[in-house]
Amino acid sequence: MKQELSALIQQALDALKAQGVLPADISPTIQIDRTRDPSHGDLASNVALTLAKAAGKNPRELAALICQALPEATFVKSTDVAGPGFINFFLSEASSQAVVQRILEQGERFGCSDEGKGRKVQVEFVSANPTGPLHVGHGRGAAVGDSLCRLLAATGWDVSSEFYYNDAGAQISNLALSVQARCKGLGPDDASWPEDGYRGDYIKDVASAYMAGEKIDAEDRHVTGAADADDLDAIRDFSVAYLRREQDLDLKAFDVHFDVYFLESSLYESGAVEQTVDTLIANGHTFEQEGALWLRTTDFGDDKDRVMRKREGGYTYFLPDVAYHQNKWQRGFARVINEQGADHHSTVTRVRAGLQALDAGIPEGWPEYVLHQMVMVMRSGQEVKLSKRAGSYVTLRDLIDEVGRDATRYFLVARGPGSQITFDIDLALSQSNDNPVYYIQYAHARVCSVLRKLEEAGGQWQAADGLAQLDRLGEEHEAALLKQLDKYPEVVANAARNSEPHTVATYLRELAGDFHTYYNAHKVLEDDTALRDARLALSVAVKQVIANGLALLGVSAPESM
RNA sequence: GGGGGUAUAGCUCAGUUGGAUAGAGCAACGGCCUUCUAAGCCGUGGGUCGAGGGUUCGAAUCCUUCUACCCCCGCCA
């Protein structure tokens with residue numbers, strides 16, 4: 001619709017140029033916006049404002065001239081010059097109502113687009129090391145990352161979700177030692193408890209499962225407990241598999257799925273890390289100092305140079321990071337989006353710098369990052385500290401079990417990643433109406449309820465009947481709904497393009513609000529069957545869009561509440 | 001000291017990429033269930049958009065200088 005209007009304005013401008021009213025050498029980009037206030041029509045353009053100076057006319061006068069020069073079009077009912085010089089467009093009822101038909105025809109595909117054109121995109125998120133259950137921060141990453149995947153898939157991208165972790169580093173030896181200590185009956189307060197060991201109770205569970213010879217099936221590995229407290233290698237393998245499985249269960253309960261699990265250790269095994277070092281050296285971006293090998297990341301915008309190979313010979317985590325992203329590049333992803341906690345933001349410049357230094361033709365802004373801020377957890381008015389080592393943090397599973405998946409997901413994805421959020425457990429537990437996810441789901445359930453009511457009364461409704469009567473939708477509340485529904489595909493496209501899933505949540509809140517208002521003001525199941533059919537069509541369209549939108553957030557759309 | 005983030009109603013947050021009179025929810029107050037689910041609706045009150053300067057027809061939004069809070073700044077990941 002915006003495109004059609006834009007074309008009309010272009011024609012008007014051309015006509016004015018031909019008449020000599022406008023200088024021939026101007027070529028403005030024509031901007032069309034949705035209006036906020038219904039009295040401003042449905043769509044508006046500011047061309048007259050942007051062109052006024054070049055045209056040497058005052059904006060309102062110019063707007064009037066453009067209006068007069070606009071060709072007739074069936075979908076435009078009227079135009080108006082308003083405010084400082086906006087051109088307001090009032091669409092014909094038929095063209096506003098047509099959105100209902102599009103929704104009913106396209107069903108769950110409504111809102112989808114082909115913007116990605118089948119190109120490959122990867123979203124890496126969560127990427128927690130297997131040293132403990134997932135906490136709320138991981139939950140936020142999971143909610144945002146998974147929603148991004150759904151958005152990208154809906155907009156025509158070939159999406160691959162990826163989970164990256166380390167099963168071999170210092171953290172993992174630490175884990176193995178902790179489990180071993182538990183196997184031997186030690187506790188965190190004993191003198192011989194490993195320094196920096198993991199103190200959480202879950203370590204005890206890992207130990208007893210290991211000693212019981214349990215068989216562990218994680219998504220990407222399978223291990224049986226050797227029940228030998230002296231075999232540290234066996235303990236390590238078992239512990240990693242056990243905690244990976246725990247995380248899998250957390251993610252499954254959250255309805256989050258990964259296509260690929262990628263091991264940091266594989267980068268060493270394949271020689272990718274060595275190759276990366278060699279390339280960086282060959283490209284002349286490195287230097288040696290005090291026995292360590294450095295990469296001159298300051299050449300690429302970093303604020304200081306970084307060590308790649310330590311004096312004692314091992315690599316810092318920075319190097320596998322670069323090797324890993326080179327690997328992603330080689331896999332042919334047009335876009336890579338890394339969803340991480342904001343505490344990792346310093347790696348952004350570093351990794352990009354490393355990739356530039358490879359001189360492999362990787363774009364400067366690649367990969368993209370979505371960084372989410374901390375999640376503060378409150379209980380009884382007090383902050384619960386998130387500390388893996390202390391083992392006293394609130395796990396994602398706790399929240400899902402207590403609050404429910406839908407509410408947890410919605411809460412974690414409904415706000416911009418940049419905003420710090422406070423997860424108030426008492427509030428979430430209190431079953432109060434504070435959580436807007438119910439508000440949205442309720443709108444969906446209400447439509448289902450109306451349909452059930454119709455059926456109980458022996459009535460029937462078919463899409464075709466409703467679509468034939470769309471011109472009966474003349475109420476103000478109906479106009480507002482139609483306009484809101486029409487906006488949906490744009491919301492999805494923008495959310496996917498800008499990696500902002502929370503805008504979908506905001507949109508759904510508005511749509512649900514519009515529907516509740518409408519529902520209270522007008523009866524759907526009218527005796528007048530033509531009117532009834534039209535309103536049912538509109539209601540079913542609302543139900544469809546809510547279901548589509550909630551699906552993008554990974555939240556269910558219940559038929560009844 | 002350097003880098004990043006944030007600052008909008010009492011509280012939690014939106015704000016359509018620079019548009020018209022800045023919006024929701026919660027909290028407060030007042031109304032609406034013999035009629036499709038009241039997890040709902042309607043109404044009232046509540047704001048120097050952190051502060052100053054700049055850019056222009058027009059700024060919560062862009063630039064700049066401050067202030068406050070959070071995160072990062074290791075040859076840890």
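Lettering of chains follows the sequences in order, A, B, ..., and the numbering in each one begins at 1.
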Report task. Rounded to whole angstrom, note down the C1' distance from B/U44 over to B/U48. Result -> 24 Å

Requested in this report: With heavy atoms under 4.0 Å as the rule, sort A/Asp33 into base, sugar-phosphate or nothing.
Outcome: sugar-phosphate

Query raised in the report: If you check every side-chain atom of A/Lys310, which of B/G40, B/A14, B/C75 has the closest atom?
Result: B/C75

Report task. Validate the cation-pi geometry between A/Arg244 and A/Phe163: distance from NZ or CZ to the six-membered ring centre under 6.0 Å, angle to the ring axis within 45°. Result -> yes

Requested in this report: Test for a donor-acceptor pair under 3.5 Å between the base of B/G19 and the side chain of A/Asn46, counting only N and O atoms.
Outcome: yes

Query raised in the report: A/His344 near the nucleic acid: base, sugar-phosphate alone, or nothing, with a heavy-atom cut-off under 4.0 Å?
Result: base

Query raised in the report: Expressed in whole Å, how much space separates the C1' atoms belonging to B/G45 and B/A28?
Result: 9 Å

Requested in this report: Can you tell me, in whole Å, how much space there is between the P of B/A59 and that of B/C73?
Outcome: 41 Å

Query raised in the report: For A/Phe86 and B/G19, do the ring centres fall under 5.5 Å apart while the planes stay under 30° apart?
Result: no

Report summary line: The glycosidic conformation of B/C72, counting syn as within 90° of 0 and anti otherwise, is anti

Query raised in the report: Across the strands shown, which category fits A/Asn88 at heavy-atom distances under 4.0 angstrom: base, sugar-phosphate, nothing?
Result: base

Query - OP1 or OP2 of B/C57 under 4.0 Å from side-chain N/O of A/Lys53 - result: yes

Query raised in the report: Mapping A/Gly418 and A/Tyr439 to their closest nucleotides on RNA chain B, which lands nearer the 5' end?
Result: A/Gly418

Query - Check: B/A77 base within 3.5 Å donor-acceptor of A/Asp343 side chain - result: no

Query - Whether over 12 other heavy atoms sit under 6.0 Å from A/Glu455 CD - result: no

Query raised in the report: What are the residues of residues 508-524 of chain A, sorted by number, that bring a heavy atom to within less than 4.0 Å of RNA chain B?
Result: A/Arg509, A/His516, A/Thr517, A/Tyr519, A/Asn520, A/His522, A/Lys523, A/Val524

Report summary line: Between A/Ile66 and the options A/Leu13, A/Thr79, A/Val81, the side chain to side chain contact (heavy atoms under 4.5 Å, CB included) test singles out A/Leu13

Query raised in the report: Taking the side chain of A/Ile421 as its heavy atoms from C-beta onward, which of B/C13, B/A77, B/G15 lies nearest to it?
Result: B/C13

Query raised in the report: Which whole number of Å gives the distance between the P atom of B/A22 and that of B/G47?
Result: 12 Å

Query raised in the report: What interatomic distance, in whole Å, is found between C1' of B/C26 and the corresponding atom of B/G58?
Result: 34 Å

Requested in this report: Give one of base, sugar-phosphate or nothing for A/Arg446, where a contact means two heavy atoms less than 4.0 Å apart.
Outcome: sugar-phosphate

Requested in this report: Compute whether any side-chain donor of one residue and acceptor of the other, for A/Tyr518 and A/Glu476, lie under 3.5 angstrom apart.
Outcome: no

Requested in this report: Answer yes or no: are there more than 12 heavy-atom neighbours, outside A/Glu4 itself, under 6.0 Å from its atom CD?
Outcome: yes

Requested in this report: Anything under 30° is parallel, anything over 60° is perpendicular, the rest tilted; go ahead and classify A/Tyr488 against A/Tyr507.
Outcome: tilted

**Report entry** Separation of the C1' atoms in B/A14 and B/C57, to the nearest angstrom
**Finding:** 28 Å

Query raised in the report: Is the CD atom of A/Gln460 crowded by more than 12 outside heavy atoms at less than 6.0 Å?
Result: no

Requested in this report: Choose from B/C13, B/C75, B/G74 the nucleotide whose nearest atom is closest to any side-chain atom of A/Arg415.
Outcome: B/C13

Query raised in the report: When rounded to the nearest Å, what value does the distance between C1' atoms of B/G54 and B/U61 take?
Result: 15 Å

Query raised in the report: Does a distance-only test, which skips hydrogens and angles, find a donor-acceptor pair under 3.5 Å between the side chain of A/His345 and the base of B/G5?
Result: no

Report task. Check the distance between B/C76's P and A/Arg309's CZ and give it to me in whole angstrom. Result -> 14 Å

Report task. Using a cut-off of strictly less than 4.0 Å, decide whether A/Tyr488 has a side-chain nitrogen or oxygen near OP1 or OP2 of B/U16. Result -> no

Report task. Have a look at A/Gly169 and say if it touches a base, only the backbone sugar-phosphate, or nothing, with a 4.0 Å heavy-atom cut-off. Result -> nothing

Requested in this report: May I ask you to evaluate whether A/Lys453 reaches the phosphate of B/U35, defined as a side-chain N or O under 4.0 Å from OP1 or OP2?
Outcome: no

Query - Touch class at under 4.0 angstrom, heavy-atom based, for A/Ala44 against every strand present - result: base

Query raised in the report: If you measure from the C1' atom in B/G15 to the same atom in B/U8, how many Å do you get, rounded?
Result: 9 Å

Query raised in the report: Between A/Tyr439 and A/Arg509, is there a cation-pi geometry (under 6.0 Å to ring centre, at most 45° from the normal)?
Result: yes

**Report entry** Length of the CG-C1' vector between A/Asp196 and B/A77, whole Å
**Finding:** 14 Å

Query raised in the report: How would you label the contact of A/Ser449 with the nucleic acid (heavy atoms, under 4.0 Å): base, sugar-phosphate, or nothing?
Result: base

Query raised in the report: B/A20, B/G19, B/C75: which one has an atom nearest the side-chain heavy atoms of A/Thr316?
Result: B/C75

Query raised in the report: Hey, does A/Thr503 reach any base, or is it just sugar-phosphate, or nothing, if we go heavy atoms under 4.0 Å?
Result: sugar-phosphate

**Report entry** Neighbour count above 12 (heavy atom, 6.0 Å) for A/Gln289 CD
**Finding:** yes

Report summary line: With the side chain defined as heavy atoms from C-beta on, A/Tyr438 is closest, among B/A39, B/A20, B/G19, to B/A39

Requested in this report: Name the nucleic acid region contacted by A/Ala52, choosing base, sugar-phosphate or nothing; use a 4.0 angstrom heavy-atom cut-off, strictly under.
Outcome: nothing

Query - Over-ring placement of A/Arg296 relative to A/Phe300, 6.0 Å and 45° cut-offs - result: no

Query raised in the report: NA contact type, A/Gly314, heavy-atom cut-off 4.0 Å: base, sugar-phosphate, or nothing?
Result: nothing

Report task. Find the distance A/Gln373:CD to B/C69:P and express it as a whole number of Å. Result -> 16 Å

**Report entry** Side-chain N,O (A/Ser419) to OP1/OP2 (B/A14) below 4.0 Å
**Finding:** yes

Query raised in the report: Using a cut-off of 4.0 Å on non-hydrogen atoms, how would the nucleic acid contact of A/Arg36 be classed: base, sugar-phosphate, or nothing?
Result: base

